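Below: one structure, written as structure tokens.
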2 protein chains.
Amino acid sequence: MTELPPSTEQINSLILLIEDDPQIRRFLRATLTSHGYRLLEATNAQDGLRQVGSQHPDLIILDLGLPDLDGLEVTQQLREWTSTTIIVLSVRDQEQDKIAALDAGADDYLTKPFSTGELLARLRVALRHSRLAAPDVEEPVFTAGDLRVDLAHRQVFLKNNEIHLTPIEYKLLTILVRYAGKVVTGRQLLKEAWGPTYTTESHYVRVYMGQLRRKLETDPTRPRYIITEPGIGYRFKVE
Amino acid sequence: MTELPPSTEQINSLILLIEDDPQIRRFLRATLTSHGYRLLEATNAQDGLRQVGSQHPDLIILDLGLPDLDGLEVTQQLREWTSTTIIVLSVRDQEQDKIAALDAGADDYLTKPFSTGELLARLRVALRHSRLAAPDVEEPVFTAGDLRVDLAHRQVFLKNNEIHLTPIEYKLLTILVRYAGKVVTGRQLLKEAWGPTYTTESHYVRVYMGQLRRKLETDPTRPRYIITEPGIGYRFKVE
DNA sequence: TTGAGTTATCAAGAAAGTGTAAAGATGGTT
DNA sequence: AACCATCTTTACACTTTCTTGATAACTCAA
């Protein structure tokens, strides 16, 4: 096998392996470390997600069949705040599974059993990309006034005090923040937070915007962050 | 997670297909164009390389088995000056071929016969990447005198002070601005802002033009921006 | 100058949209 | 089974926007 010599960026690349099968884990550990990669390991989705947030790996190898959470779900959750390369491993060779994973945000998909050489080659491709694409190692944290939204850790702070938000509250806030400064229609919020079948339940949005304001605004009747655009929707205000 | 806004870049993406087999070419032509991609075709490496230089496609689908030049060679030549995504198609399923192609600079590798759905999914992955890498596009902002209309943020400023407009007011202003310098008839304004069933209510337009002037003009009786063209309609004045 | 048709202004009532509290429903946990 | 957090649903008060009619001002041609 004519492998290329480990290049300098490979040597320093940090890879997170999320895989529950001890045998595959052992095998990949040997392969990857012997090729000069630094390795982190997680045996379940929960721990994997946590480590992505805390360790910031350069690349994620994700087994689709984890015990605690579906791999698709993991991919989607990651893609809400990071664009770190995800290579999916799976025993499923069905076209539908591949398409679903790739469209959920995965960057590559390999079917088990895979060839080691191909995995390493695809790893090199991915790392080549991420080096070109991301010279900035900026933390995905959104800040505005006293408010801080840490997308990686799913935490919201107001003057350094953590604010607890329910899943829907948080989801709505991240949507507003993603379009910061722009108006988001109630319809769009419903579609993104509840799904496309809820687009008529416009009162949901009002209830939750009220709750968000109660938690985030000093004076909910005179909001600084979440501005209503009557007849249109809501906007996260930026200076 | 719901998908991001229907990516206009996908619809308009230009793909160069370098493939000598007429049958596969015909098949891919049908598949790709029916999915909204714009397509260029080359039947040999020579022509393919030429077209990359002259047409600047967003993505290249490259058959490895071309008559005049080896696909590896093509990849290497391209990588000397461009980082345009290359997806390789090949009948060769050998690990060595894949590794060689990927290390030569290809971004993905599919073995014939490949599944259409997977190809399309991997296409979406590649285009997603190139979109992230692309620099931000300028947001559309209309300016005239002290007035600034920020279409992307749905905001209107007068000497840097934000002016609040109701939905209809804003709608009418954007119509006028869209036809800046040209006369827009009352009928047309009614049709665009209220809908085709209101085209007789010419009264509405007068009321709202008055409101707009009150908000935007320093002296509403001597308008600088919104000019009445008696007997015809209104015109947004440009110098 | 006069008068008919068009345009501008104003303000009140109607309609639509929004904010808020709180009760009921749901689902998971102990 | 009782608890808890969260989500859903309802009801009502409130705000903003839209519609409408009355009236004044203007334009242009006879």
Side-chain angles (χ1 to χ4, degrees), chain A residues 46 68-69 154 156 162-173 175-176 183-195 197-235 237, chain B residues 154 156 162-174 176 183-195 197-235:
Chain A
Q46 208 66 36
D68 55 338
L69 200 63
R154 200 203 166 281
V156 179
E162 183 170 358
I163 304 290
H164 173 76
L165 297 184
T166 72
I168 292 185
E169 288 165 6
Y170 180 77
K171 179 77 191 174
L172 287 175
L173 181 61
I175 298 168
L176 286 179
V183 185
V184 187
T185 65
R187 205 184 166 71
Q188 197 175 344
L189 289 165
L190 282 162
K191 201 169 106 197
E192 290 210 36
W194 279 270
T197 59
Y198 286 75
T199 44
T200 55
E201 315 285 341
S202 57
H203 50 279
Y204 285 15
V205 176
R206 271 177 263 134
V207 171
Y208 276 89
M209 285 300 159
Q211 287 174 192
L212 270 177
R213 279 177 179 148
R214 199 134 38 84
K215 289 184 177 183
L216 303 180
E217 304 279 4
T218 322
D219 179 2
T221 58
R222 214 181 312 277
R224 294 166 53 199
Y225 305 116
I226 299 175
I227 307 298
T228 303
E229 295 286 353
I232 314 284
Y234 297 85
R235 126 189 303 141
K237 191 176 180 184
Chain B
R154 200 198 169 279
V156 179
E162 184 171 357
I163 305 291
H164 174 77
L165 298 185
T166 72
I168 291 184
E169 288 165 6
Y170 181 78
K171 179 78 191 177
L172 287 175
L173 180 61
T174 59
L176 287 179
V183 187
V184 187
T185 66
R187 203 183 168 71
Q188 197 175 346
L189 289 166
L190 280 161
K191 203 168 102 193
E192 288 209 40
W194 278 269
T197 60
Y198 286 74
T199 44
T200 56
E201 315 283 344
S202 55
H203 184 186
Y204 288 11
V205 176
R206 291 194 206 105
V207 173
Y208 275 90
M209 286 302 161
Q211 286 175 193
L212 269 178
R213 279 175 177 151
R214 194 138 41 84
K215 288 183 177 183
L216 303 179
E217 304 280 5
T218 323
D219 179 3
T221 59
R222 215 180 316 275
R224 294 165 53 199
Y225 304 115
I226 299 175
I227 308 299
T228 303
E229 296 287 356
I232 308 177
Y234 297 85
R235 179 168 58 89

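The chains referred to below are lettered A, B, ... by the order of the sequence lines, with proteins before strands, and numbering in each begins at 1. The structure presented is a predicted model; accordingly, all values stated were derived computationally and were not measured.
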Give me, pair by pair, the N or O atoms of the protein and of nucleotides 12-16 of chain C that are less than 3.5 Å apart, along with how far apart they are.
none

To the nearest Å, give me how far apart [atom1] ([X]) and [atom2] ([N]) are.
{"X": "Ile226(B)", "N": "dT9(C)", "atom1": "CD1", "atom2": "P", "value": "11 Å"}
{"X": "Leu212(B)", "N": "dC18(D)", "atom1": "CG", "atom2": "C1'", "value": "14 Å"}
{"X": "Lys215(B)", "N": "dC10(C)", "atom1": "NZ", "atom2": "P", "value": "14 Å"}
{"X": "Gln211(A)", "N": "dT6(D)", "atom1": "CD", "atom2": "C1'", "value": "9 Å"}
{"X": "Tyr170(B)", "N": "dT17(D)", "atom1": "OH", "atom2": "C1'", "value": "18 Å"}
{"X": "Leu190(B)", "N": "dT7(C)", "atom1": "CG", "atom2": "P", "value": "12 Å"}
{"X": "Lys171(A)", "N": "dT6(D)", "atom1": "NZ", "atom2": "P", "value": "17 Å"}
{"X": "Glu201(A)", "N": "dG17(C)", "atom1": "CD", "atom2": "P", "value": "15 Å"}

*Working to the nearest 0.5 Å, report the span between CZ of Arg206(A) and OH of Tyr234(A).*
7.0 Å
*Please round to the nearest 0.5 Å and tell me the distance separating atom OG1 of Thr166(A) and atom NZ of Lys171(A).*
13.0 Å
For the student: nearest non-hydrogen atoms of [X] and [Y], plus distance:
{"X": "Glu201(B)", "Y": "Leu190(B)", "answer": "O-CD2, 3.5 Å"}
{"X": "Ala193(A)", "Y": "Leu172(A)", "answer": "CB-CD2, 3.8 Å"}
{"X": "Leu173(A)", "Y": "Leu212(A)", "answer": "N-CD1, 4.2 Å"}
{"X": "Pro167(B)", "Y": "Gly231(A)", "answer": "CG-CA, 4.1 Å"}

Donor-acceptor pairs are to be reported for all side-chain atoms of residues 222-230 of chain B against protein atoms at under 3.5 Å, with residues two or more places apart or in another chain.
residue, atom, partner, partner atom, Å
Tyr225(B), OH, Asp146(B), N, 3.1
Thr228(B), OG1, Arg213(B), NH2, 2.6
Glu229(B), OE2, Arg235(B), NE, 2.7
Glu229(B), OE2, Arg235(B), NH2, 3.1

Are any of [X]'s side-chain N or O atoms less than 4.0 Å away from OP1 or OP2 of [N]?
{"X": "Thr166(A)", "N": "dC7(D)", "value": "yes"}
{"X": "Tyr204(B)", "N": "dC18(D)", "value": "no"}
{"X": "Trp194(B)", "N": "dT19(D)", "value": "yes"}

_Side chain proximity check, Gln211(A) to Ile168(A), heavy atoms < 4.5 angstrom_ = no
Provide a list of protein-nucleic acid N or O atom pairs under 3.5 angstrom, restricted to nucleotides 18-21 of chain C.
residue, atom, partner, partner atom, Å
dT18(C), OP1, Gly231(A), N, 2.8
dG19(C), OP1, Arg213(A), NH1, 2.8
dG19(C), OP1, Thr228(A), OG1, 2.7
dG19(C), OP2, Tyr234(A), OH, 2.7

*asked:* Using the side chain to side chain donor-acceptor pair (under 3.5 Å) criterion, which residues pair with Lys215(A)? Sequence neighbours excluded.
replied: Glu169(A)
*asked:* Taking the axis from the first five pairs and the axis from the last five, what angle separates them in the helix from dT1(C)-dA30(D) to dT30(C)-dA1(D), rounded to 10 degrees?
replied: 20°
*asked:* With a sphere of 6.0 Å drawn around CD of Glu217(B), does it hold more than 12 non-hydrogen atoms of other residues, nucleotides or ligands?
replied: yes
_Tell me if the CZ atom of Arg154(B) is crowded by more than 12 foreign heavy atoms within 6.0 Å._
yes
_Nearest to the side chain of Pro167(A), heavy atoms from C-beta on, is which of dC7(D), dC18(D), dT17(D)?_
dC7(D)
_Residues that Tyr208(B) engages under ring pair (Phe, Tyr, Trp, His ring centres under 6.0 Å), provided they are two or more places apart_ = Trp194(B)
